[in-house]
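Here's the structure we're looking at; comments come further down.
Sequence lines set the chain letters: A, B, ... in the order given, protein chains first and strands last, and positions in each chain run from 1. This one's a predicted model, so the numbers in the text were calculated from it and none came from an experiment.
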Number of protein chains: 2
Amino acid sequence: MPTDKRKSPEDRKFVVALSRGLEVLRCFGPRDRWLTNQEMARRTGLAKPTISRLAYTLTRLGHLRYSEQLNKYALGSAAISLGFAALGQMDVRRAARPFMQELSDYTKASVHLAVNDQLSMQVVDTYWNSASFVIDIGSRVPVATTSLGRAFVAALPPAERKQILAAMKAARPADWPTTRRRFAQALRDYQQYGFCFGLGDWRREINAVAAPLFLANGAGPHVIGCSGAAFQLEPGKLKRDVGPRLLALLGNVRSALARD
Amino acid sequence: MPTDKRKSPEDRKFVVALSRGLEVLRCFGPRDRWLTNQEMARRTGLAKPTISRLAYTLTRLGHLRYSEQLNKYALGSAAISLGFAALGQMDVRRAARPFMQELSDYTKASVHLAVNDQLSMQVVDTYWNSASFVIDIGSRVPVATTSLGRAFVAALPPAERKQILAAMKAARPADWPTTRRRFAQALRDYQQYGFCFGLGDWRREINAVAAPLFLANGAGPHVIGCSGAAFQLEPGKLKRDVGPRLLALLGNVRSALARD
DNA sequence: GGGCACCGTTCCGCGGTACGGAACGAGGTG
DNA sequence: CACCTCGTTCCGTACCGCGGAACGGTGCCC
């Protein structure tokens, strides 16, 4: 469902075997460390022998590893390594570090840097102070219900925004009415303030603000957000204090990036 | 060269297209953010049209992104996301955190957690105190010349050790005599002390110790190491103070992992 | 501005590769 | 011991990916 693996009308450029292999890697969520052949087949919709071959190939390349006793596969170190190669090239991360740390110090809450992947926001950097509430590096949070996701969607050009909203509708039809309303609000917030809110709808008692950061390098927008206990970050404070500081932070990051 | 992409005698299970696609992703090192079609072709040894198709596929899947004005490709957010999914499942990382922090506090040097990938060690977690010397998360260091790499190789079962040494010989024939000698020494160090040294041969004025950590989950050995300025970490101190503390750290991590 | 060199994409026919239904083998269970 | 489940292997065929060659675009130099 996520991407239409079926090649469009006459797409001879699309290499199906590669796409399928990556789809296999993708079915390892944070939840499931070990997957059986069968489970991968179910998730990807591919035939068992196909999975068997792809998994074999991925194992030989180090992207998966195999447990003899469990007869199950898990992600291997090559997969890690691949992601980190990508991470090392994110100079935003380096540039944003001191400012994120500073905001975290000021708010006593956690500050996150995230990028989008499918219907999740992938947290690639985190700062926190009191050990109150921690999303670690590597966590993924849903686009639909978090300030990070809303800021991302709000920042998207209309065409792409439509696409991702459609994907969300398809993924969770039951939640769509709520989702739709929340994103409409998020869009208004973004236009009015420059940032979006998440007030207890991802996790109760957690409030957050987030704002997008556009870079010159042609990547999708990155998002920086600040989240913490609801009693500590009431909506008023987010709107009048934390949000504006977040925008200032983004400005600082942009000029730090422009400098070098 | 790294892995023999050419299928062995009669390996009908190996999916070449998938392997090639991943090889394309692999050619993005920390150094090179943007690669042209041609450069990828050169590095992988594949024909231009092949690269073109693979890159197209990877771009559609979000693992690469394309700059219209540069006519170049860079790693995309899906690649990041993939790596982090793997990272999130490394509970070693969570378990080791407090102990690594502690060792870093004590030595005033940096402490690293790394996994192996091909001929590099991939640093997946870092702690440091004084801002003296920092290898960030995401860095890669060579197996050949670092304590991290030596500890990894020394910990390998003989058959695999032979393989990786052969790969290193093939990659840098000129350095082989030195490399060979150094690894022989590393092996002795490992047998005698349980850890290996890196004394200025990766970067001058940097000394380090590292030791492997075996886990029950069937993954290759992880490695934890401590590195810092040579004048601060003289060989004697590494051998008598830091090294033994490193071994204690490993013990703590193991029992922390066994607990839950 | 014309010519040239270079690079990336597209074309297209062939070769062989990846596909998946069916058979096989291995554990586990009643 | 028969039965079930799950993963791998077998194998013929369809068709997918391959790469040499042609094409179009861009920048450079004379």
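Per the geometry, CG belonging to Asn71(B) stands 9 Å off C1' belonging to dC7(C), to the nearest Å. Separating the CZ atom of Phe14(B) from the P atom of dA18(C) is a distance of 9 Å, rounded to the nearest angstrom. Following rounding to the nearest Å, Glu39(B) (CD) and dG8(C) (P) show an atom-to-atom distance of 10 Å. The distance from atom CG of Leu54(A) to atom C1' of dT8(D) is 14 Å, rounded to the nearest whole Å. What separates CD of Glu68(B) from C1' of dG25(D) is a distance of 13 Å, to the nearest Å. At whole-Å resolution of the value, CG in Leu46(B) and P in dC7(C) are 18 Å apart. One interatomic measurement links the two molecules: CD1 of Ile51(A) to P of dG7(D), which rounds to 11 Å at whole-angstrom precision. Rounded to whole Å, the distance from CZ on Arg53(A) to P on dG7(D) is 15 Å.
Counting only heavy atoms from C-beta on, Tyr66(A) has its side chain closest to dT8(D) among dT8(D), dG19(D), dG17(D). Relative to the side chain of Pro49(A), the nucleotides dG17(D), dG7(D), dG20(C) differ in distance, and dG20(C) lies closest. Out of dT9(D), dG20(C), dG19(D), the shortest distance to the side chain of Ser52(A) is found at dT9(D). Across dG17(D), dG8(C), dG19(D), the shortest atom-to-atom separation from the side chain of Val16(A) is found for dG17(D). Among the nucleotides dG17(D), dG8(C), dC19(C), the one closest to the side chain of Val15(A) is dG17(D).
Across Ile80(B) and Leu87(A), no two heavy atoms sit closer than the pair CG1-N, 4.4 Å. The two residues Leu247(A) and Gly194(A) have their closest heavy-atom pair at CD2-O, 3.7 Å. The heavy-atom pair separating Tyr190(A) from Phe214(A) by the smallest distance is OH-CE1, 3.8 Å. For the residue pair Phe84(B) and Gln122(A), the shortest heavy atom distance occurs at CB-NE2, 3.0 Å.
Regarding contacts with the backbone of dC6(D), every side-chain N or O of Thr36(A) stays at 4.0 angstrom or more from both OP1 and OP2.
When each of Ala17(A) and Lys48(B) is assigned the nucleotide of DNA chain C bearing its nearest heavy atom, the one mapping closer to the 5' terminus is Lys48(B). The residue among Tyr73(A) and Leu18(A) whose nearest nucleotide of DNA chain D lies closer to the 5′ end is Tyr73(A).
No donor-acceptor contact under 3.5 Å links the side chain of Arg20(B) to the base of dG17(D).
Axis angle across the helix from dG1(C)-dC30(D) to dG30(C)-dC1(D), with five pairs used at each end and values rounded to 10°: 30°.
Considering OH of Tyr66(A) and CG of Leu70(A), their distance stands at 9.0 Å, rounded to 0.5 Å. Here the CE-CG distance, from Met40(A) to Leu25(A), works out to 9.5 Å after rounding to the nearest 0.5 Å.
No salt bridge links Glu23(A) with Arg26(A); every basic N to acidic carboxylate O contact stays at or beyond 4.0 Å.
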